[in-house]
Amino acid sequence: MPELPEVHTIAVDLNKHLSNAVIKSIEIKNNFNKKIIEVTRISKNIVLELSSETFLIFHLAMTGRLLIRKSDRPNDDWERIILTLAKNGKTGQLRFCDTRMFGKAEVIKKEMINKLKSKYGPDILADSLSPEEFLSVLVAKRTNIKNALLDQSVVSGIGNIYANDLLWMSKTHPLTKTNSIKIAKAKELLNNAKEIIKEAILHRGSTLSDKMFVDAFGKYGTHQNYFRVYDQRNCKNCGTKIKFEKINSRGTYYCPTCQVLKQ
DNA sequence: ATGTTTGTTCCGAT
DNA sequence: CATCGGAACAAACA
């Protein structure tokens with residue numbers, strides 16, 4: 001049982017030999033042996049529930065990928081973490097890849113799950129989210145509607161692409177102050193948000209021109225072919241040239257004819 | 001070369 | 001003290 005002198009001895013040796021060494025990869029050997037019980041989602045986190053009340057959480061951020069691969073398949077681009085798995089007598093891998101390194105992976109215990117959930121506002125797909133609650137969380141964030149929609153602690157699950165399309169579909173200017181929104185508009189925004197998100201799920205997500213997003217099998221999504229205003233030139237409703245500007249430092253597309261700022 | 005990017009967090013300003 | 005907004009994180013691409 002190492003006490004201070006033993007720990008000190010090791011720390012000094014490690015410091016002498018390893019300071020300035022670069023960690024190229026990390027391998028976790030065997031006997032982790034936890035089973036993946038179920039995979040779910042909390043906001044934009046992918047949650048692997050493991051045995052013994054342990055959870056493995058991945059956040060893909062902008063460029064993360066999780067790929068199901070055969071173990072002998074050649075390396076993928078930008079591999080960061082490889083899990084080797086056994087199921088029904090066969091082995092395979094789950095590969096977490098990310099070019100920009102904005103993605104995250106962490107292991108947490110069950111009691112931290114509630115803390116994770118508490119960071120987020122109501123999930124946009126939750127049946128329990130009423131228009132009244134939706135409106136009240138938006139209004140509580142005293143800013144413009146686009147900024148509020150993108151704040152995951154206000155309402156969780158809407159990203160920049162879908163916020164643009166949602167505001168276009170709801171004929172709402174992105175700079176509309178949340179406190180000027182009425183319940184009828186909140187209803188419209190909520191219904192349209194659910195419709196857009198569900199449609200994009202049916203299309204298995206959006207893959208932009210950088211080809212970064214792929215599903216767990218490496219296949220592209222198709223929802224980019226159904227964008228309403230994001231990355232579009234002309235309004236699909238009236239033909240007006242779509243405006244592009246940075247709002248809260250995020251690329252924002254809107255139709256100046258259909259989405260008039262009124263307040 | 002510079003500007004852009006699907007997300008989130010942190011820090012300074014208000 | 002609470003809240004907001006922008007910079008930063010890092011890499012690839014046009």
Side-chain angles (χ1 to χ4, degrees), chain A residues 22-24 41-47 57-67 75-81 96-106 108 112 115-121 123-125 136-168 174-180 193 196-197 199-201 203-216 218-233 242-254:
Chain A
V22 175
I23 298 171
K24 304 297 280 187
R41 176 183 68 76
I42 296 175
S43 186
K44 297 176 194 170
N45 299 280
I46 292 171
V47 178
I57 314 278
F58 290 101
H59 195 298
L60 303 181
M62 304 238 250
T63 55
R65 295 172 165 174
L66 277 172
L67 298 167
N75 292 349
D76 285 289
D77 290 336
W78 314 300
E79 286 178 350
R80 306 298 179 191
I81 298 173
F96 177 56
C97 308
D98 190 8
T99 162
R100 283 174 73 180
M101 297 288 284
F102 287 3
K104 267 202 308 201
E106 65 178 328
I108 64 174
M112 297 302 286
K115 193 178 168 190
L116 179 67
K117 285 181 180 168
S118 71
K119 286 168 49 178
Y120 300 110
D123 193 279
I124 191 65
L125 288 184
S136 84
V137 295
L138 288 178
V139 170
K141 183 87 179 172
R142 298 194 302 260
T143 184
N144 64 68
I145 179 65
K146 179 155 187 276
N147 202 26
L149 289 170
L150 288 177
D151 186 332
Q152 305 298 299
S153 69
V154 170
V155 57
S156 93
I158 300 175
N160 194 42
I161 292 174
Y162 301 106
N164 277 287
D165 276 11
L166 167 58
L167 292 171
W168 178 86
L175 287 176
T176 305
K177 293 286 180 200
T178 54
N179 63 13
S180 73
I196 289 173
I197 298 283
E199 190 184 298
I201 289 171
H203 292 140
R204 299 189 63 79
S206 303
T207 301
L208 303 184
S209 56
D210 65 4
K211 305 288 187 214
M212 271 303 166
F213 172 74
V214 294
D215 67 15
K219 298 189 73 171
Y220 298 137
T222 61
H223 189 71
Q224 65 280 6
N225 300 320
Y226 303 89
F227 285 160
R228 287 163 169 86
V229 73
Y230 184 86
D231 203 23
Q232 304 300 300
R233 289 190 157 174
I242 292 301
K243 264 199 172 181
F244 174 82
E245 61 188 83
K246 288 286 180 77
I247 293 180
N248 299 106
S249 59
R250 303 303 301 276
T252 304
Y253 299 82
Y254 65 97

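Just so you know, these numbers come straight off a predicted model, no measurement behind them. Lettering follows sequence order; numbering is per chain, from 1.
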Could you check which residues of residues 244-254 of chain A get a heavy atom under 4.0 Å from DNA chain B? Sort them by number, please. A/Phe244, A/Lys246, A/Arg250, A/Gly251
For A/Thr143 and for A/Ser209, locate the closest nucleotide of DNA chain C by heavy-atom distance; then report the residue assigned to the nucleotide nearer the 5' terminus. A/Thr143
For A/Phe227, enumerate each residue passing the ring pair (Phe, Tyr, Trp, His ring centres under 6.0 Å) test, keeping only those at least two apart in sequence or located in another chain. A/His223, A/Tyr230
For A/Arg204, I'd like to know if atom CZ has over 12 heavy atoms of other residues, nucleotides or ligands within 6.0 Å. no
I need the CE-P distance between A/Met212 and B/dG7, as an integer number of Å. 15 Å
Does some side-chain heavy atom of A/Leu149 sit less than 4.5 Å from a side-chain heavy atom of A/Leu138? yes
Correct closest heavy-atom pair for A/Ala193 and A/Ile158 would be CB-CD1, 4.4 Å
For A/Leu138 and C/dT3, give me the distance from atom CG to atom C1', rounded to whole Å. 16 Å
Report yes or no: is there a donor-acceptor pair, N or O only, under 3.5 Å between the side chain of A/Arg100 and the base of B/dT5? yes
Mind calculating the distance between CG (A/Asn179) and C1' (C/dC4) to the nearest angstrom? 14 Å
Within the 4.0 Å heavy-atom criterion, would you say A/Asn160 contacts the bases, only the backbone, or no part of the nucleic acid? sugar-phosphate
side-chain N/O A/Thr63 vs B/dG7 OP1/OP2, d < 4.0 Å: no
Classify the ring geometry between A/Phe96 and A/Phe58 as parallel (under 30°), tilted (30 to 60°) or perpendicular (over 60°). tilted
Mind checking if A/Lys211 touches a base, just sugar-phosphate, or nothing, with heavy atoms under 4.0 Å? nothing
Value in whole Å for how far the C1' atom of C/dA8 lies from CE of A/Met101: 15 Å
Using the rule given for salt bridge (Lys or Arg N to Asp or Glu O under 4.0 Å), can you reason through A/Arg65 versus A/Asp76, listing the C-alpha separation, both sets of side-chain angles and the distance that settles it, and then say yes or no? CA-CA 10 Å; A/Arg65 295 172 165 174; A/Asp76 285 289; over 6 Å; no
Quick check on A/Lys243: does its NZ atom have over 12 non-hydrogen neighbours (other residues, nucleotides or ligands) under 6.0 Å away? no
Over how many whole Å does the gap from A/Leu166 atom CG to B/dT6 atom C1' extend? 16 Å
Could you work out which one of C/dG5, B/dT6, C/dC4 sits closest to the side chain of A/Lys141? C/dC4
Between B/dT4 and C/dG6, how many Å separate the two P atoms, rounded to a whole number? 15 Å
OP1 or OP2 of C/dG5 less than 4.0 angstrom from a side-chain nitrogen or oxygen of A/Asn147, does that happen here? yes
In this structure, how many angstroms lie between the C1' atom of C/dC13 and the CG atom of A/Asp77, rounded? 14 Å
Which part of the nucleic acid, if any, lies within reach of A/Tyr230 when heavy atoms closer than 4.0 Å are counted: base, sugar-phosphate only, or nothing? sugar-phosphate
Return no unless some side-chain N or O of A/His59 is found under 4.0 Å from OP1 or OP2 of B/dG7. no
Among C/dA10, B/dT6, B/dT8, the one nearest A/Leu208 by side-chain distance: B/dT6
Watson-Crick or G-U wobble partner of B/dT6, both distances under 3.5 Å: none
Measure the distance between the ring centre of A/Phe102 and the centre of the six-membered base ring of C/dA10, then answer whether it is under 5.5 Å with planes under 30°. no
Are A/Asp98 and A/Leu60 packed together at the side-chain level, in the sense that at least one heavy-atom pair is separated by less than 4.5 angstrom? no
Nearest-Å distance once atom P is located in both C/dC1 and B/dT9: 23 Å
So if I take every side-chain heavy atom of A/Lys104 and compare against B/dT9, C/dG5, C/dA10, which nucleotide ends up nearest? B/dT9
What is the separation between atom CD1 on A/Ile42 and atom P on B/dT8, rounded to the nearest whole Å? 14 Å
Is A/Gln152 close enough to B/dG7 that one of its side-chain N or O atoms is under 4.0 Å from OP1 or OP2 there? no
Provide the distance between the two P atoms, one in C/dA7 and one in B/dG3, to the nearest whole Å. 13 Å
In a check of salt bridge (Lys or Arg N to Asp or Glu O under 4.0 Å) between A/Asp151 and each of A/Arg250, A/Lys146, A/Lys141, which one passes? A/Lys141
Measure CH2/A/Trp78 against C1'/C/dA11 and give the value in whole Å, please. 9 Å
